[in-house]
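Structure, as structure tokens:
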Amino acid sequence: MGIAPILAVTQPAFWPLTLILFLPAIVAGILALPLIPRGKDDSIRWVGLATTIAVFVLSLWMAVPAIFGTGSAGQFTVGEAGMQAVVDQPWIPAFNINYLLGVDGISMPLVLLTTFLSVLAAAASWPIEKHVRPYWILFLLLETGMIGVFVSLDFFLFYVFWEVMLLPMYFLIGIWGGPRREYAAIKFFLYTLAGSVLMLLAILMLYFASDVGTLSDEQLIASHVVSPVLEGTERTAALAAIHSAHDAGKPVHTFNLLALAAIGQSQNSPFAATSFWGMTLESWAFLLLLIGFVIKVPVVPVHTWLPDAHVEAPTPISMILAGVLLKLGGYGIIRICYPICPGAGLSFAWLVCGLGVVSMVYGAFAALAQKDFKRMVAYSSVSHMGYVMLGLGVWSAVDGHGYQWDAWAQGVNGAMFQMLAHGISSAGMFFMVGVLYDRVHHRNLEEFGGIFNRMPLYASLAVAIFFAGLGLPGMCGFIGEVLVTLSSWNYSRLLAVCSAFTVILTAAYILWAIQRVYLGAEYKGPHGDHLTPMTRRELAIAVPLVVLAVVFGVAPQLIFNYVTPTVNRQVETLAEWTRGHDGASASAGAAASTDSEKAEFQAAIDSFSVGGGR
Amino acid sequence: MNPDRNLGALLNGTLHDTLVVSLPHFRPELCLAATIVLLLLCRMVPLLRLVDSGFIALGGVLFSLFFAWEDILSLRATAWSSSIGDLLAGRQELFGGLLAFDSLTAYIRLLLAGFLVLFILFTKVSGIPDREDGADFYTLVLGATLGMCLMASANHLLMVFMAVEMASVPSYALAGLLKGRKASSEAALKYAVYGAGAAGVMLYGLSLLAGVLGTCHLPTMARQLAALDALWMPGGAGLALAIGGLMVGVGLAFKLSAVPFHFWCPDVFAGAAAEVGAFLSVASKAAAVALLLRVAFGLGTTGPGPEHVAQMASLGETRHFIVGGIALLAALTCTLGNLAAYGQTNMKRLLAYSTIAHAGYLMMGVAAAVALAGRDAEATRSAVAAVCFYLGTYVFMNLAAFAIVALLRNSLRSEEIASYAGLIRSNPGIVVATGVVLVSLIGLPPLAGFVSKFLVFSSVMEAVMLGAERPLMLVLLVVGGANTVISLFYYLRVLKVMTFDPPPADRTADAFPLVSIPGALVTALVVPVVSLGVFWSGLYAFARLAGAFAS
């Protein structure tokens, strides 16, 4: 890719998306140069914060046209289901690898969450005094990696960004972390690398099994294998080249996620045609990818890196870890596992749901047992992310239900909401723990108490955030949990009962923690004289989180407006696929009710928001 | 031979073959040979002794690089103007079939010449050899490289043996370069004894193969093999061929430092100067892999085209044997290299085991290539290209790693990993450069090492998908993946010591800064490690060209 073609790019989203993606990395590179002299740590901090703010504003410009005025090309259209703002440039032609970016209703909110939490985490990084310059360089590189995963539509590119995050995170935990930082850092790295090696094998498997020549012209253009920008003879020639290669028996492989999904969902999918040792290729790929993703989520039994990493990481990095990194796993499952390997998704639905419920319950019990405040919050993440797994897994659109996909869509929508809500609440909880730790330098739940009397404002904000995590109606944690629990009823009553039961456990550990930390007569632990009120900087971080936790609880449609169209379309497509897969004749009633189901679902969402408001 | 051909015609034919056909494709080697002579002559004339031998060597190597570059450009021009088939028709046998000139020869020679340029610059910066030893050192290096060029183009078993010896014997002397150091002498002796043993076994194997097949010319051998049937019947030649093949394999495994013939490698690397380690780990490895490709493809394939289909089919058993041997060695080498590296405290020993492990990954690619041969020509070319690309990035990764070790030795007077503790405080630039190199050796994106591993694994995966030696290739994939995770530990441990640990109290000197001549050298070596990880189309195009040699 030379300079001239880049400047001549006509895709309207090229510069906005590229800037959102690479601005942090570019600034990190500039910070690495000795432009800012030693000792001027504050300038570095300001540059870092300004960068995260700039990226946040850019992503806001893209995602919420209502604020900045609509009409600019490259902006996101809310309510549209398909992939938008697609950027497509050749990168490695020999392997059909492209610089292919795009956002839809699933990834756009997650990008926004990432850029938003990066601003807050940057603000929360002010107290870091040790090695300020490398800290900010790594922090900004991490941001590029996270955004890259969410916007990549090319599997190779996705994998590159997925791995790019590892090294900055390793050092951020290993240098700036707590006493057991080295152990926690290597454990995090090792778990994730093991998962991503398996993912690489799955990527290669799918790549070599794929053949874009089996797709129709419309699918080729819709999945950007052939750029929709091409017109007339150019388009015809590009299409003809693919088809003639296919006819000549030379498959054209692809890393394009959209094309892979289209291939995987075709009724004579090559992924289902090949088998190794009695399992289809798509089952192998699904399992390998799933292992890679659930390590990140994380799910019991591969969750053990999480408590260590979260506890040892410095506060801002804990916020990023809990707020964004865990979402990458869920995002991978919804974006890659299900659309590309639907057959395996259907047959392993019990596995995904089971893993979800096990981590839900196990995480909650483990949180109950913790003496360390931060460790308790970490285990609450395990428990909460279990809801995401359960919501994604409830493939209830099967023969027995007449392929009605509304319950499943409810689950996936709930999972998406839960991811975003957990991003807000868990980042908030970790920050609240960090505020306390900065003052008294311990996290022992047994030695707290009476914080409410000493720091009333802090304690109220913290309690609010913890209630959001608990899933109190009217707060953001409620919507996702309820939708997921309701939807799982259709799939398995047992799982629904378990997940409802977990809500009680969640209430138990959070209320007990609130009681032990914030209530009580007086603080008797060490460094009691350091319990000063929150600074303005800390307020500037905490207040937006609390406000969002309430806003999303009261008006969940703010999120659903983005998420639902895309999720519903994906679920609907997969339900249709199931019908074709089973070869069952369509029951007339189910087919006709598609539109009314949509309306019903919207009504259900609206009623939640109203209910939450009361 | 035609009986009524008279002596004159024979002479004429030989002369024509040598002067018109062979020598024009032999210019890089001729340059190296001329430089060696020049270096030796300069020692005899008092006035010329004042000239730094490093610069003479550099000049000669630059000529060699130029010719190698011209060769590959002309090949590329042919490849662009015609289909791959014509390019293969352009394969030429030099010197009566002793050597083969094709895209693999051209690519490996370019790699070796390019490496030598960087290597000589590096030795000038690092100061080993000193002025006194310079002429000896460069003569030996160029002589060994000449042997390596021949390894890459050997087309005849005699040439295989000659080339291996020509590359090895100067290396033994190089290992003992640090005169008066016990470890260095011990390393040289160990290397020489091991090398002699391996050479003996290999020669015996060659004689077995030649005895059964009646020729040493690789393509003819393949045709003979294809014609043989009932290999495993009583009285069949199967046993002798298998034993001969395994014995040749011993010689190749020694050059590759493949397990279980790797024992010399850590001792030599630890005992010899880091500069010698760099030379052995990069140049010697590249040549050995090229030779492995030559022998495996020479014996296991007969070439493209419909007229060879039957022969290719009947060579299936031979290929199965070759793939099995290489894959087994690859899995062992990779695993043992990585596991043994875990306990090392000396940086050079650690890099030695890392070299062994990487030989394993490279051999996985070779195994995939041979497995795919005869099944899918396009996939075979990709697999060879993956191996060639790996070698290309390996030049920068390992040379940079050894350069950092050598330059840190010059300032810190130590090659122990522990002595690097806390370098991030005083020399962040060097630590970042080391980090890039080591992470690239682990194989994480967006660095060159990742792309190499990705290409090799994808070739192995392609073999699995196409059903070529599927169980074996699946084992290789699992072993390769697991090894990538294992290798994380020891590479990261070096970085951990450099960044997390406090500096030792008794450190007297700081390492060199990044803004200095050594720093510039390290930067020049590290930048390609990053840029080849992001923009790898260019190098990959050349590697594809080299891959055209197969099929």
Side-chain angles (χ1 to χ4, degrees), chain A residues 1-2 25 32 34 90-95 97 99 131 133-134 137 145 148 156-157 159-167 170-171 174-175 177 181-182 185-186 189-210 250-251 253 270 274 276-277 281 288, chain B residues 376 378-379 382 385 389 424-425 428-429 431-432 435-436 439 442-447 450-451 453-455 457-467 470-471 474 477-478 480-489 492-493 495-496 499-501 514-515 533-537 540-541 543-544:
Chain A
M1 205 162 31
W91 181 18
I92 312 289
F95 276 78
I97 297 171
Y99 176 65
H131 311 312
R133 190 194 301 265
I137 292 173
F156 187 86
L157 194 64
Y159 186 78
V160 167
F161 284 119
W162 183 272
E163 298 276 278
V164 160
M165 286 180 307
L166 293 186
L167 212 60
Y170 170 74
F171 284 109
I175 297 180
R181 54 182 180 252
E182 288 175 20
I186 190 78
F189 205 149
L190 201 68
Y191 269 70
T192 323
L193 186 68
S196 42
V197 166
L198 297 181
M199 199 197 297
L200 181 63
L201 297 187
I203 293 174
L204 291 172
M205 238 184 227
L206 293 171
Y207 173 76
F208 283 113
S210 68
K250 283 188 178 172
H253 304 313
T274 335
F276 301 105
W277 293 302
L281 182 135
L288 292 174
Chain B
D376 186 332
E378 186 57 33
S382 300
F389 186 90
I424 188 93
R425 316 273 156 89
V431 174
V432 170
V436 169
V439 172
I442 301 173
L444 292 186
L447 301 172
F450 163 69
V451 181
K453 255 188 196 168
F454 167 80
L455 290 173
F457 286 178
S458 73
S459 284
V460 180
M461 181 58 94
E462 193 163 17
V464 172
M465 301 297 290
L466 293 173
R470 182 173 281 173
L474 267 174
L477 267 186
V478 173
N483 270 293
T484 305
V485 180
I486 299 174
S487 70
L488 175 77
F489 272 114
L492 265 191
R493 193 163 52 89
L495 277 187
K496 181 196 88 89
T499 50
F500 299 178
D501 291 0
L514 199 60
V515 187
V534 182
F535 302 107
W536 43 281
S537 273
Y540 188 68
R544 288 282 305 179

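Throughout, protein chains are lettered first and strands after them, A, B, ... in sequence-line order, and every chain is numbered starting at 1.
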Can you tell me which of A:F171, A:F95, A:Y207 forms the most heavy-atom pairs within a distance under 4.5 Å of chain B? A:F95

Select one option (side chain, backbone, both, neither) describing which atoms of B:N483 are under 4.5 Å from chain A's heavy atoms. neither

Residue B:V439 versus chain A: region with a heavy atom under 4.5 Å: side chain

Cut-off 4.5 Å, heavy atoms of chain A, and the answer for B:S537 is both

Under a 4.5 Å heavy-atom cut-off, does chain B meet the side chain of A:L198, its backbone, both or neither? neither

The reported gap from OH in A:Y159 to CD1 in A:I203 (rounded to nearest 0.5 angstrom) is 6.5 Å

Once side-chain hydrogen bond (donor to acceptor under 3.5 Å, both in side chains) is applied, do any residues pair with B:R544, and if so which ones, sequence neighbours excluded? B:E378, B:S382

Heavy-atom pair of closest approach, residues A:S196 and A:E163: OG-OE2, 2.6 Å

For the residue pair A:L193 and B:V485, what are the closest heavy atoms and their distance? CD2-CA, 4.0 Å

Side chain, backbone, both or neither: which part of B:Y540 has an atom under 4.5 Å from a heavy atom of chain A? side chain

Who passes side-chain hydrogen bond (donor to acceptor under 3.5 Å, both in side chains) against A:T192, sequence neighbours left out? none

Test your reading of the model: is there a side-chain donor-acceptor pair from B:K453 to the backbone of B:I442, 3.5 Å cut-off? yes

Side chain, backbone, both or neither: which part of B:L466 has a non-hydrogen atom closer than 4.5 Å to chain A? neither

For A:L281 and A:A209, the nearest pair of non-hydrogen atoms, with its separation, is CD2-CB, 4.0 Å

Top of B:F454, B:F457, B:F489 for chain A proximity - count of heavy-atom pairs under 4.5 angstrom: B:F454

Residue from B:L492, B:L444, B:V460, B:L495 scoring the most non-hydrogen pairs under 4.5 Å with chain A is B:L492

Portion of A:P93 that has a non-hydrogen atom of chain B nearer than 4.5 angstrom: both

Just so I know, are the side chains of A:I186 and A:Y170 near enough to count as touching, which here means a heavy-atom distance under 4.5 Å? yes

Relative to chain B, which segment of A:I92 carries a heavy atom at a distance below 4.5 Å: side chain, backbone, both, or neither? both

Region of B:L474 in contact with chain A, defined by heavy-atom distances below 4.5 Å: side chain

